[in-house]
2 protein chains.
Amino acid sequence: MSSVPGWANVEERRNLPPALAVSTVILGIREGKDGGPDKLCLPVVRRVRQPHAGMWALPGGPVDPRESLGQAAGRNLAETTGLRPSYLEQLYTFGDIDRSPTHRLVTIAYFALLNADQVGATVQDDNVAWFDIDDPQIAQMAFDHRKILDYAMWRLRNKTEYGQIAHRLLGERFTLAALRGVYEAILGRRLDPANFRRTLKSTASIEETDEYLAGGQHRPPRLYRYVGHGPDPLEVDPLHG
Amino acid sequence: MSSVPGWANVEERRNLPPALAVSTVILGIREGKDGGPDKLCLPVVRRVRQPHAGMWALPGGPVDPRESLGQAAGRNLAETTGLRPSYLEQLYTFGDIDRSPTHRLVTIAYFALLNADQVGATVQDDNVAWFDIDDPQIAQMAFDHRKILDYAMWRLRNKTEYGQIAHRLLGERFTLAALRGVYEAILGRRLDPANFRRTLKSTASIEETDEYLAGGQHRPPRLYRYVGHGPDPLEVDPLHG
DNA sequence: TCAATAGTGTCTATAAGACACTATCTT
DNA sequence: AAGATAGTGTCTTATAGACACTATTGA
């Protein structure tokens, strides 16, 4: 192990204090190709230095002593991808001893959602790329980032309140079909349009607008707006961390 | 602020790397007094040094560079209370800049459950005490520990699977009435014994034994055993962290 | 007109709660 | 026998899914 350039040996590692970093799973949604279901996708960055140079990794970086953890996540995310998410939530802290070969690294993982306008709109950079959540190119990732991504998906699928997060993957106004697409992408199965409509309207977390979306070759759907209720007690302000 | 002995001033704080600590919310259950509902309770430790000397705090301490976060939680818990929990789960990481007045402190909060035998069985120590979850004496706690406790309760109440955690607050065998007591303490309301029985037996996560609990002045209840299904992907091994 | 999706109505299966009832222990 | 909790049966109501049906647009 210690023959790899730049890797500390065991004795050195024991004397280093743990480094603190944040990494963020950033999810957006894009429309399914030729009638298929919508897909969740995410931007990843290519590592340019050791360890794991050349592999895809979650965007992230060190925590500055003068910023909170949420601020660190927001800043790193903006710096590496140019994105400002509509939602930011702390996921889990990964601190196993051997998760980085070079030093003791404790990473606070965050989970961010982008609305439809932002998907694909990262800064032009050869070292940033978007993949569908099930793309084999990110089956392997640097460090334990694949485990972090899997955990993010597990958390997403086990959310009791999809309403809170689903609307943040869309714009401010959306059709019920678009909202259903989000649910289908998260749950990984098709939902009955009729039942979906009824269930959602009965929860009263969405509200009709007077606008309709024209252009499709069918009856124009009504646009809806999300009317949120109280957030989770520790939800992060995506702008101020 | 900097007049308090031992408190660093702002300039000093900016140069200090964040300290890493773990704190644990340890919950057990005890029987309600004179027919009242069962109550959740927890051990807390009295701080003997600044800051917040004299106040009650969650058990915890620093993370050693050579141990994982879960190991740190388990070790600190054993050292301060003498307890070995049956369940340990990572809760959330608190890292606001001003959460400790003396230095930048990042705390990974854990959540532990004790079974009935262990409640009250801490090491004899004047600086360790048990309180009911709603005891006014812990309405205020050191640092942001009250916020951590509130968040732990919120997470507990929002668990989709109570079965997984309820049985860890009891022994290996338990009556349905005891299990119902756990649910009632968590949810904060009484449940219909008949419906509770049916609902729980239909989930099939518990199994009958051939034993009965004698001694009460009523028909002796059957004892049940928990038959778990797969854990959460990041559940912590309470013995090995 | 047709294709396509929007949106409604209604039936059914399942689960949750209320509550009356029977069973079996200790004192 | 009395008192207490164990455990069963059954009715009502709320909800999720299946699926047939009508409505309204662009081509």
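In the text below, chain A, chain B and the rest are named by the order of the sequence lines, each starting its count at 1.
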Item to check | Flag, side chain of A:R146 to backbone of A:I138, donor-acceptor distance under 3.5 Å | outcome: yes
Item to check | Between D:dA6 (P) and B:E211 (CD): distance, integer Å | outcome: 17 Å
Checklist entry - Is there a donor-acceptor contact under 3.5 Å linking the side chains of B:N158 and B:R155? => result no
Item to check | Protein-to-nucleotide contact annotation, 5' to 3' order, nucleotides 22-27 of chain C [B base; S sugar-phosphate only; - none; under 4.0 Å, heavy atom] | outcome: -BBBSS
Checklist outcome for this item: Whole-Å distance, B:K201 NZ to D:dG9 P, equals 11 Å
Item to check | Residue that, paired with B:H167, satisfies ring-ring contact (aromatic ring centres under 6.0 Å, His included) out of B:Y226, B:Y183, B:Y87 | outcome: B:Y226
Next on the checklist: Exactly one of B:W154, B:Y151, B:F111 should register a ring-ring contact (aromatic ring centres under 6.0 Å, His included) with B:Y92. Which one does?
Outcome noted: B:Y151
Checklist entry - Could a donor-acceptor pair under 3.5 angstrom be found where the side chain of B:N195 meets the base of C:dA18? => result yes
Next on the checklist: Under 4.0 Å between a side-chain nitrogen and a carboxylate oxygen: does that hold for A:K159 and A:E89?
Outcome noted: yes
Checklist entry - Is the cationic atom of B:R47 (NZ for Lys, CZ for Arg) positioned less than 6.0 Å from the six-membered ring centroid of B:W56 and within 45 degrees of its normal? => result no
Checklist entry - Using the C1' atoms of the five pairs at each end, what is the angle between the end axes of the helix from C:dT1-D:dA27 to C:dT27-D:dA1, to 10°? => result 0°
Item to check | Interatomic distance, B:R190 CZ vs C:dA18 P [rounded to whole Å] | outcome: 14 Å
Next on the checklist: I need the CG-P distance between B:D192 and D:dG7, as an integer number of Å.
Outcome noted: 15 Å
Item to check | Nearest-Å distance for atom pair CZ/P, residues A:R180 and C:dT5 | outcome: 10 Å
Checklist entry - In whole angstroms, how far is the C1' atom of D:dA16 from the CG atom of A:L200? => result 14 Å
Checklist outcome for this item: Testing C:dA16, D:dA6, C:dG17 for proximity to the side chain of B:R197, the answer is D:dA6
Item to check | Donor on one side chain, acceptor on other, B:S23 and B:T107, under 3.5 Å | outcome: no
Item to check | Verdict with reasoning, A:D134 to A:K39, per salt bridge (Lys or Arg N to Asp or Glu O under 4.0 Å) | outcome: CA-CA 9 Å; A:D134 55 1; A:K39 291 243 176 178; 2.8 Å; yes
Item to check | Distance in angstrom units between A:F196 CZ and D:dA16 P, rounded | outcome: 12 Å
Next on the checklist: What's A:R222 touching, base or sugar-phosphate or nothing? Going by heavy atoms closer than 4.0 Å.
Outcome noted: sugar-phosphate
Checklist entry - Which is it for B:R225 and B:E208 under the salt bridge (Lys or Arg N to Asp or Glu O under 4.0 Å) test, yes or no, and what are the steps along the way? => result CA-CA 6 Å; B:R225 177 196 302 121; B:E208 289 184 353; over 6 Å; no
Checklist entry - B:A194 has a side chain; which of D:dA18, D:dG9, C:dA18 sits nearest to it? => result D:dG9
Checklist entry - In whole angstroms, how far is the C1' atom of D:dC11 from the CZ atom of B:R198? => result 11 Å
